[in-house]
Asks: 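Right, I'll just put the structure down here and ask away after.
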Amino acid sequence: MVHGGRPPAEPGASVNPPVWMTSTYRQGGGRTYGRDGNPTWEAFEEVLGELEGGSCVLFASGMAATASVLESLPVPARVIVAGDAYNGTRRFLADVAGRGRLLFRTVDVADTEAVLDVCAEVADSPGGPGGAGREAGPGLGSRGLLWLESPTNPLLAIADLQVLCRGAHDLGMDVAVDNTFATPLLQRPLDLGADIVVHSATKTISGHSDVVLGAVVTRREDVLAALATRRSLHGAIAGPWEAWLGLRGMRTLAVRLDRSQQSAGELAVRLAGHPGVGQVLYPGLPDHPGHELARRQMAGFGSMIAFEVAGAGSRESAIDAAEHVVGAVRLLTPATSLGGVESLLERRGRWEREGHLPPGLIRLSVGIEDVEDIWSDLDQALRTVSP
Ligand SMILES: *Cc1c(COP(=O)(O)O)cnc(C)c1O
């Protein structure tokens, strides 16, 4: 993380890689055109690839990475997806399904047996991946793709990655895991059997809310080639400057995550004991349904928390109370996104396709501020609703 992607250690060499601002390369060498390759991307890819234990392809955004994986599937693709996956992922699937190019089923990733039952149904369905009338080719998702997220955004459900990967593989399916919330420092899905790891590197990886980036990591040569092709053909490439900022952010991932995760653990306990707070979702709390699994599967519980304001009866009053708290913070920033050095919070249900969430659920991304400063701000904001 600290030493990868740097120029060769020669006397007088630059310690950091330069930002390669060029759209083309003099002919005769390995590189040809700026949409097909850039040395600053490669520096980023070297580091994230090594952290996840595979080869990385950098994209313009998390959604570009997601779209490139899903657009690599045969048509009509069969996808089984976490029902509370990132809303952009679900919007993308609905959009492509609406144009007849894909069929998808949603599942509760915390219910291992139910997920594998749906996988088996899809594999056996007529015209399904393993069913009649369809040749199972060698490519990605030729027998279906299971798209997992763990912890999920924003309900923080935990999927049993190892068991689900094994079960899906037994059915001939491939598995992708969106590892944005955990980062490779807390969980390495390729080691647990996944074929593909997807990141919104906009979030904790880059860590400073100053850049939009995405990435895919895989150990499979066929998938790597397909994704590099998608990137060139769709043109969803990162700018060299964004790649450089992402790499610069990644250098401090460990210390940022240590700090924000430690604060998140403390804040989750305090929120759970606060009279103004109802339900608190954080995998590190012993009463979280995925707590024991997260303890085994992850090296830490992360820096994301979701909670509700106490005692809001109706849907409207729950929304009002949550919006009131979000509007009353002074140090924290009311904004979407996550994983930056500054704490962010929002009522997640304000977005399209988040109707399945408790309407007053507040998602909190814990930053690296002093934990007492974060707490006193949250506490004063909560007291404006129920003093
Ligand atoms: C933000 C996010 C994405 C989308 O990434 P962008 O960089 O915004 O395109 C995908 N998955 C998760 C879990 C996210 O939080």
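Counting starts at 1 for both ligands and their atoms, in listed order.
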Asks: Which of the atoms of ligand 1 are close to Gly62, meaning less than 4.0 Å from one of its heavy atoms?
Replies: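 The list of qualifying atoms is 5 (O), 6 (P), 7 (O), 9 (O).
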Asks: Taking atom CG of Leu140 and atom OG of Ser72, what is their separation to the nearest 0.5 Å?
Replies: 6.5 Å
Asks: Using a plain distance cutoff, I'd like to know if Asn153 has any nitrogen or oxygen under 3.5 Å from a nitrogen or oxygen of ligand 1.
Replies: yes
Asks: Please work out which of Glu149, Met304, Lys203 has its closest non-hydrogen atom nearest to atom 15 (O) of ligand 1.
Replies: Lys203
Asks: Checking Ser303 against Arg256 for the side chain to side chain donor-acceptor pair (under 3.5 Å) test, could you report, in this order, the C-alpha distance in whole Å, the side-chain angles of both residues, the deciding distance, and whether it holds?
Replies: CA-CA 10 Å; Ser303 46; Arg256 286 186 284 108; over 6 Å; no
Asks: Any ion pair linking Asp210 and Arg248 (charged N to carboxylate O, less than 4.0 Å)?
Replies: no
Asks: Quick check: Ala64 and ligand 1, any N/O pair under 3.5 Å apart?
Replies: no
Asks: Return the residue, atom name and 0.1 Å-rounded distance of the protein heavy atom closest to atom 13 (C) of ligand 1.
Replies: Asp178 OD2, 3.4 Å
Asks: Give me the one residue out of Leu145, Val223, Leu146 that meets side chain to side chain contact (heavy atoms under 4.5 Å, CB included) with Asp174.
Replies: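 Single pass found, and it is Leu145.
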Asks: Going by atom types only, do Asp84 and His356 share a side-chain donor-acceptor pair under 3.5 Å?
Replies: no
Asks: Just to confirm my output: which protein heavy-atom neighbour is closest to atom 9 (O) of ligand 1, and how far is it?
Replies: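 Protein heavy atom with the smallest distance to atom 9 (O) of ligand 1: Met63 N, 2.8 Å.
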Asks: Considering heavy atoms of the protein only, find what lies nearest to atom 7 (O) of ligand 1 and give residue, atom and distance to 0.1 Å.
Replies: Thr202 OG1, 2.6 Å
Asks: Find all atoms of ligand 1 within a distance of less than 4.0 Å from any non-hydrogen atom belonging to Ser61, and give their numbers and elements.
Replies: 7 (O), 9 (O)
Asks: Between Pro17 and Gly5, which heavy-atom pair has the shortest distance, and what is it?
Replies: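 Residues Pro17 and Gly5, closest heavy atoms: CG-O, 3.5 Å.
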Asks: Closest non-hydrogen protein atom to atom 5 (O) of ligand 1, residue and atom name please, with distance?
Replies: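 Of the protein heavy atoms, Ser200 OG, 2.9 Å lies nearest.
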Asks: Among all protein heavy atoms, pick the one closest to atom 10 (C) of ligand 1 and tell me residue, atom and distance.
Replies: Tyr86 CD2, 3.3 Å
Asks: Give, for atom CG of Asn179 and atom CG of Leu190, the distance between the pair rounded to the nearest 0.5 Å.
Replies: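 Rounded to the nearest 0.5 Å, the CG-CG separation comes out at 8.5 Å.
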Asks: Between Glu323 and Arg347, is there a salt bridge with N-O shorter than 4.0 Å?
Replies: yes
Asks: I'd like to know whether ligand 1 has Leu213 as a neighbour, heavy-atom separation below 4.0 Å.
Replies: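 The answer is yes, since Leu213 has a heavy atom less than 4.0 Å from ligand 1.
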